[in-house]
Amino acid sequence: MHCYIKDLSGHIGQSVTLQGWLYNRRDSGKIAFLVVRDGTGLCQCVVAKSPETEGFFDQSRRLGQESAIRITGTVRANEKQIGGHEVDVTGLEVVGESTDFPITPKPHGIDFLFKNRHLHFRSRRQWHILRVRATVIDEIRSYFNRNGFTLIDTPIFAPAAGEGAQTLFEVDYFGEPVYMAQTGQLYVETACMAFGKVYCFGPTFRAEKSKTRRHLTEFWMVEPEIAYAELDEVIAVAEDFVHSIVQRVLKDHREDLEFLGRDMASLEAIQKPFYRLTYSEAADLLHSTKAKELLQNDLETKHARIAELKKSIEEKDKQSEAQGVKQWQKDKMIAELAEHREELGDLEEEVKNIPHHMELAANFQWGKDLGGSDETIISRLHDRPTFVTHYPRNVKAFYMKKNEQDERICNNFDLLAPQGYGEIIGGSQREDSYDELMAQINRHELDPADYAWYLDLRKYGSVPHGGFGLGVERTIAWMCGLKHIRETIPFPRMMGRFYP
RNA sequence: UCCCCGAUAGCUCAAUUGGUAGAGCGAGCGGCUGUUAACCGCUAGGUUGUAGGUUCGAGUCCUACUCGGGGAGCCA
């Protein structure tokens, strides 16, 4: 009977058939251990040399990594083994051979792994991350569905810019230029006038020439939009929504997060209410001694860690060269050394940047947009997500609603994830006055003809409304505690990388 | 667009001051009955990213380019 590895606990003592791929193999003359993965988990299968296994024992010792196999055997509980079970093999069928699988259980470089991304996500770490992704996406959809939002699919070919014109991918559309959508926002705005509460969810495209750990050229974004909502209501939805994602991931993915080494306590600390700061308060915070102390402490702890790492690297170097060290011990030390060297490199870069960041924060001027390092500082000073609201209008998009009390600012917000993960949401109340919106379009030197349909909203029953966009990959990176978002999407598209 | 770092075997890396390109993994063969990135022995595997330059001699130094990594700006 076919059984998935995740269901083995219900079949102890029984004979089952596993269908999967060979993850790793260890063997000696009379016994072979086949670690099998089937998409639901890993299980070690034991082939002992005996009259019953004679037909396939030698074959089992020659199987290449990732050979597709069907294994029949008896399930036995074994707490020491991965997954808590072991299967004593009584039958083996090779469904598809595999030789020279490129991704071995040894370390590889990032470039190589992502050139082999189609094979890379068979690895455990990637498997855990992409399972979390599936749940984050499911929670996004079910959150909005159960809260009365209607899904509206927005086009990917768009006639005009939604945001900055420099970051558009242009496509030849039967001889005319169109652009890959950067946002569905303008469309969901029109849709909320028909359905009240709506959301769109899909890939968006930005031709940003950014090679950083927070950027993709193709990423997924969910954008809810609510008619008759003003800023506070939009923020309340964003808060409840992000909270529900965190709760769901904690509920369903404890094991995955533990494998990834995620610090659970800091995720469990994500409770409502989140922090709220105005842009002006954020600017004060950047100027405060608190910010300065944070960076100074950083500098000290990082220097200490650098010294520690250097010492440890030196020791390990010596140890690994000492005589009588077993090869596997050497391997382990070399792997640790590589990790330490990477951490050291990162730290040295950070230490180099800290004085610059201190300067940027201390000299932050009202009216400028918050830079990456500024966001990191604010995010690090809070143990829960932080809303930063009411930015200066002149650094924000044309469609954001002018604040009634202070003309210099708009009713917008960003949500910064804690622990330095930074911006995961950007949102705002939208400008609902025709005249004001037209003035903004002119101020931004956009062509009103491109936005005629969008301006129509303000002609036929305009109401206050607002919404936000949440970056799915940044959210997953935060959930999983990853330092790079390229691992959070099955096939990342980045500047200079679009294969496979 | 700008700044920093890198490119050596299929993979991960080493190669002292400019002086005969090595190791582990992977692959192939053999050995080992409880392995946990198993281990032990043998074999094969290289135009040192590309193009030029300096030098008696270049993986190593210089210039340009290509590709990759990190960051700034910009952003989710």
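No hydrogens, no waters, no symmetry mates; every other heavy atom, side chains included, goes into these values.
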Face-to-face contact A/F219 to B/A76 six-ring, under 5.5 Å, under 30°: yes
Most 5' of A/G109 and A/D27 on RNA chain B, judged by nearest nucleotide: A/G109
Contact nearer the 5' end of RNA chain B, comparing A/R61 with A/F101: A/F101
Between B/C39 (C1') and A/R25 (CZ): distance, integer Å: 13 Å
Euclidean distance, atom CD of residue A/E223 to atom C1' of B/A76 [Å, nearest integer]: 9 Å
Distance-only donor-acceptor test, A/H108 side-chain atoms vs B/C11 base atoms, 3.5 Å: no
base_contact_polar (B/C32 base, A/R26 side chain, donor-acceptor, <3.5 Å): no
Pick the [atom1] atom in [N] and in [M], then give their distance to the nearest Å.
N	M	atom1	value
B/U43	B/C25	C1'	16 Å
B/A21	B/A58	P	11 Å
B/G24	B/C5	P	33 Å
B/C11	B/U16	P	23 Å
B/G18	B/G57	C1'	8 Å
B/G28	B/G69	P	31 Å
B/U60	B/A51	P	13 Å
B/A23	B/C61	P	24 Å

Listed by chain and number, what are the ring pair (Phe, Tyr, Trp, His ring centres under 6.0 Å) partners of [X], not counting sequence neighbours?
X	result
A/F201	A/W220
A/F169	none
A/F219	none

Residue list, side-chain contact (heavy atoms from CB on, under 4.5 Å) with A/P500, at least two apart or on another chain: A/R117, A/H118, A/F491
Under 3.5 Å side-chain donor-acceptor pair for A/Q65 and A/T104: no
Of all the nucleotides listed ([options]), which has the minimum atom distance to the side chain of [X]?
X	options	answer
A/E86	B/G10, B/A76, B/U35	B/U35
A/Q81	B/A27, B/A76, B/U36	B/U36
A/P105	B/G34, B/A76, B/A37	B/A37
A/F33	B/G34, B/A37, B/C75	B/G34
A/Q44	B/C74, B/U12, B/U36	B/U36

Approximate separation, where rounding is to 0.5 Å, of A/S123 OG and A/R125 CZ: 10.5 Å
ring-ring contact (aromatic ring centres under 6.0 Å, His included) between A/Y143 and A/F149, intermediate numbers included: CA-CA 9 Å; A/Y143 178 87; A/F149 287 73; 7.2 Å; no
Show which side-chain atoms of residues 355-375 of chain A pair as donor or acceptor with protein atoms under 3.5 Å away, not counting sequence neighbours.
unit_1: A/N363; atom_1: ND2; unit_2: A/E359; atom_2: O; d: 3.3
unit_1: A/W366; atom_1: NE1; unit_2: A/S280; atom_2: OG; d: 2.9
unit_1: A/D374; atom_1: OD2; unit_2: A/G371; atom_2: N; d: 2.9

Backbone of A/R214 reached by a side-chain donor or acceptor of A/R474 within 3.5 Å: yes
Residue pairs fulfilling side-chain hydrogen bond (donor to acceptor under 3.5 Å, both in side chains) with at least one residue in residues 488-500 of chain A, sequence neighbours excluded: A/D111-A/R497
Could you list the donor-acceptor pairs under 3.5 angstrom formed by side chains in residues 35-46 of chain A, with sequence neighbours left out?
unit_1: A/R37; atom_1: NH1; unit_2: A/E66; atom_2: OE1; d: 2.5
unit_1: A/R37; atom_1: NH1; unit_2: A/E66; atom_2: OE2; d: 3.1
unit_1: A/D38; atom_1: OD1; unit_2: A/T40; atom_2: N; d: 2.8
unit_1: A/D38; atom_1: OD1; unit_2: A/T40; atom_2: OG1; d: 2.7
unit_1: A/D38; atom_1: OD1; unit_2: A/G41; atom_2: N; d: 3.4
unit_1: A/D38; atom_1: OD2; unit_2: A/I5; atom_2: N; d: 2.9
unit_1: A/D38; atom_1: OD2; unit_2: A/T40; atom_2: OG1; d: 3.4
unit_1: A/T40; atom_1: OG1; unit_2: A/I5; atom_2: N; d: 3.2
unit_1: A/T40; atom_1: OG1; unit_2: A/K6; atom_2: N; d: 3.1
unit_1: A/Q44; atom_1: OE1; unit_2: A/R26; atom_2: NH2; d: 3.0
unit_1: A/Q44; atom_1: NE2; unit_2: A/E86; atom_2: OE2; d: 2.9

Contiguous Watson-Crick or G-U pair runs (3 or more, under 3.5 Å) in RNA chain B: B:1-7 with B:66-72, B:10-13 with B:22-25, B:27-31 with B:39-43, B:49-53 with B:61-65
Residue-phosphate contact under 4.0 Å: A/K30 side-chain N/O, B/U33 OP1/OP2: yes
Sugar-phosphate or base contact per nucleotide [nucleotides 64-71 of chain B; S, B, -; heavy atom under 4.0 Å]: ----SBSB
